[in-house]
Structures are given as C-alpha cells and as structure tokens.
Peer 1: 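Sharing a structure here in structure tokens format.
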Amino acid sequence: QVNLVESGGGSVETGGSLRLTCRASGYHYRSYSMAWFRAVPGKAREGVAIIGPDGKTLYADSVNGRFTISQDDAKDTLFLQMNSLKPEDSATYYCAAGRNVSPYAGLTIPGNMDYWGKGILVTISS
C-alpha cells in the first residue's frame, strides 16, 4: 500500500520559515521523481518544486530562491524548506510521486503524478 504523509505545516507570520516533510512508503521510490504542489480554493493545483531521482531540482518562479526541495539519502523522505514566506504562499501543500516525470522536462502537471499525499495546510499571516 502506497503512503505519502505530509507534516510540518502550520501558521507563521510574513517573512517566517516552515519545513514540510513527506514520508513515503509502499513503492520503489528511488525510481520516482517527487514534487510539491499547492492549492487554494477556486484555483488549480500548481507545481511548486520537483526533484528527480538524480537530485535535479526545479522550482516555480514564484518560489525560486526562497524554497528548497530535498530528499534524505534513502529517498523515502521529501522535504520542502520554505523561507521568506509571503501571504500568497498560503495554501494546502501536497507531496506527490511520479514515475514518468522529470525536472528536465519542466514542472509537471498534477495529472502526471502517480501517488499523492492528503495535503497539509500552510497559512502565512501578514
């Protein structure tokens, strides 16, 4: 059974930091790219950052330079370090895994991902 479980969300003030964690189990994660998406009510889910099996990363323009995606050596835990947070970063954040996606092809669309976590809420107050 595949499981992706996010943690680390919460509420911080503008300019603050949060670190999201996603723990994966139940599939051969070393062959998968992993990504963070976010969604707010009324808007489509958008890609935030992606990391490939070789460690290649790619970020949305809106978070580039502020967010860092990484994995542990076992590649079963995904992180998103979020610094200099802004109110517009408020969203539900989802981690996802995709076998046939790659950061070399750009930030992928949600429909290309194979597995999803349930999401975790991040709220940035002004």
Side-chain angles (χ1 to χ4, degrees):
Q1 181 180 355
V2 174
N3 270 307
L4 295 174
V5 181
E6 302 96 339
S7 62
S11 181
V12 297
E13 295 184 345
T14 297
S17 297
L18 282 173
R19 190 191 199 204
L20 303 183
T21 299
C22 173
R23 301 195 187 280
S25 62
Y27 65 100
H28 297 290
Y29 29 78
R30 289 183 178 272
S31 300
Y32 284 69
S33 293
M34 297 202 66
W36 289 97
F37 291 79
R38 65 187 181 187
V40 297
K43 295 183 70 176
R45 193 172 296 191
E46 65 170 351
V48 174
I50 184 171
I51 184 166
D54 64 352
K56 166 73 174 178
T57 60
L58 188 66
Y59 299 90
D61 289 344
S62 59
V63 306
N64 198 23
R66 300 187 297 121
F67 290 11
T68 302
I69 188 171
S70 62
Q71 288 178 291
D72 68 347
D73 290 342
K75 297 192 182 298
D76 61 357
T77 304
L78 181 71
F79 304 100
L80 186 68
Q81 178 66 42
M82 305 186 293
N83 298 328
S84 302
L85 284 161
K86 305 174 181 180
E88 52 265 42
D89 294 318
S90 297
T92 298
Y93 283 72
Y94 300 86
C95 73
R99 184 173 178 85
N100 296 312
V101 297
S102 169
Y104 292 98
L107 274 176
T108 191
I109 61 174
N112 289 340
M113 306 304 286
D114 298 300
Y115 306 120
W116 289 89
K118 293 183 178 180
I120 193 161
L121 184 63
V122 171
T123 304
I124 313 304
S125 59
S126 57

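On a predicted model such as this, the values are computed, not experimentally measured, just so you know.
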Peer 1: Could you walk me through whether L20 and V122 pass the side-chain contact (heavy atoms from CB on, under 4.5 Å) test, one step at a time?
Peer 2: CA-CA 9 Å; L20 303 183; V122 171; 4.0 Å; yes
Peer 1: What is the distance from atom NZ of K75 to atom CG of D73, rounded to the nearest 0.5 Å?
Peer 2: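 It comes to 8.0 Å.
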Peer 1: Distance check, rounded to the nearest 0.5 Å: S31 atom OG versus R99 atom CZ?
Peer 2: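 If I round to the nearest 0.5 Å, the distance is 4.5 Å.
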Peer 1: Might you point out which heavy atoms bring M34 and I69 nearest each other, and give the distance in Å?
Peer 2: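 Result for this residue pair: O-CD1, 3.9 Å.
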Peer 1: With a 4.5 Å heavy-atom cut-off, do T21 and T77 have their side chains touching?
Peer 2: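 Of all side-chain heavy-atom pairs linking T77 with T21, at least one is under 4.5 Å.
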Peer 1: Got a sec, which hydrophobics cluster with Y94, joining ILVMFWY side chains under 4.5 Å apart, including via others?
Peer 2: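 Via sub-4.5 Å side-chain contacts, Y94 links to F37, I50, L58, V101, L107, M113, W116.
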Peer 1: For P87 and S126, work out which heavy atoms get closest and say how close.
Peer 2: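 For P87 versus S126, the nearest heavy atoms are CG-CB, 3.9 Å.
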Peer 1: How many angstroms lie between CD in E88 and OG1 in T14, if you round to the nearest 0.5 Å?
Peer 2: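 Answer rounded to 0.5 Å: 8.0 Å.
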Peer 1: Does atom CG of D61 have more than 12 heavy-atom neighbours, drawn from other residues, nucleotides or ligands, at distances under 6.0 Å?
Peer 2: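 Count not over threshold, so no.
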Peer 1: Atom CG in D54, atom OG in S33: separation rounded to 0.5 Å?
Peer 2: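 So the gap between those two atoms works out to 8.0 Å.
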Peer 1: Which atoms form the tightest heavy-atom contact between C95 and L78, and what is the distance?
Peer 2: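 So the minimum-distance heavy-atom pair works out to CB-CD2, 4.0 Å.
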Peer 1: For a side-chain contact (heavy atoms from CB on, under 4.5 Å) check, start with the C-alpha distance between T68 and Y59, then their side-chain angles and the critical distance, and finish with the verdict.
Peer 2: CA-CA 8 Å; T68 302; Y59 299 90; 3.8 Å; yes
Peer 1: Please write out which residues are connected to I109 in a hydrophobic cluster, directly or through intermediates, given that two of Ile, Leu, Val, Met, Phe, Trp, Tyr count as joined at side-chain heavy-atom separations below 4.5 angstrom.
Peer 2: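 Answer for I109: none, a lone residue.
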Peer 1: Grab the two heavy atoms, one from A39 and one from A91, that are nearest each other, plus how far apart they are.
Peer 2: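 Closest pair (atom of A39, atom of A91, distance): O-CB, 3.4 Å.
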Peer 1: Check whether I120 and V5 end up in the same hydrophobic cluster, where Ile, Leu, Val, Met, Phe, Trp and Tyr are linked by side-chain heavy atoms less than 4.5 Å apart.
Peer 2: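 In one cluster with I120: V5, no.
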Peer 1: Starting at CG of D76, measure out to CZ of R30 and round the result to the nearest 0.5 Å.
Peer 2: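 Rounded to the nearest 0.5 Å, the CG-CZ separation comes to 8.0 Å.
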Peer 1: Shortest non-hydrogen contact from L80 to A49?
Peer 2: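 Minimum heavy-atom contact is CD1-CB, 4.4 Å.
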Peer 1: Taking the side chain from S90 and the backbone from I124, do they hold a donor-acceptor pair closer than 3.5 Å?
Peer 2: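 The answer is yes, because a donor-acceptor pair under 3.5 Å joins these two groups.
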Peer 1: My understanding is that a hydrophobic cluster links ILVMFWY residues whose side chain heavy atoms are under 4.5 Å apart, including indirect links. Using that, what else belongs to the cluster containing Y104?
Peer 2: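 So far as hydrophobic clustering goes, Y104 is joined with none.
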Peer 1: Give the C-alpha distance, both sets of side-chain angles, the deciding distance and a yes or no for side-chain contact (heavy atoms from CB on, under 4.5 Å) between E6 and W36.
Peer 2: CA-CA 10 Å; E6 302 96 339; W36 289 97; 3.9 Å; yes
Peer 1: Who are the salt bridge (Lys or Arg N to Asp or Glu O under 4.0 Å) partners of R19, not counting sequence neighbours?
Peer 2: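 So R19 forms no salt bridge (Lys or Arg N to Asp or Glu O under 4.0 Å) with any residue.
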Peer 1: Just jot down the ring pair (Phe, Tyr, Trp, His ring centres under 6.0 Å) partners of F67, sequence neighbours excluded, or say none.
Peer 2: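 Ring pair (Phe, Tyr, Trp, His ring centres under 6.0 Å) check on F67 returns nothing, list empty.
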Peer 1: What heavy-atom pair brings P103 and T57 nearest, and what distance separates the two atoms?
Peer 2: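 Shortest heavy-atom contact: CB-C, 4.4 Å.
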Peer 1: Atom CZ of R66 and atom CG of L85: how far apart are they, to the nearest 0.5 Å?
Peer 2: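 Spacing of CZ (R66) from CG (L85) equals 6.5 Å.
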Peer 1: Report yes or no: do V48 and V12 belong to one cluster of Ile/Leu/Val/Met/Phe/Trp/Tyr joined by side chain heavy-atom distances under 4.5 Å?
Peer 2: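 Both belong to a single hydrophobic cluster.
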Peer 1: Kindly write out the residues that satisfy side chain to side chain contact (heavy atoms under 4.5 Å, CB included) with S62, not counting sequence neighbours, or none if the list is empty.
Peer 2: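 Expected list: R38, A60.
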Peer 1: Evaluate L4 against Y27 for side-chain contact (heavy atoms from CB on, under 4.5 Å), listing each step before the verdict.
Peer 2: CA-CA 10 Å; L4 295 174; Y27 65 100; 3.7 Å; yes
Peer 1: Might you confirm whether atom CZ of R23 has over 12 heavy atoms from other residues, nucleotides or ligands at distances under 6.0 Å?
Peer 2: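 No, not enclosed.
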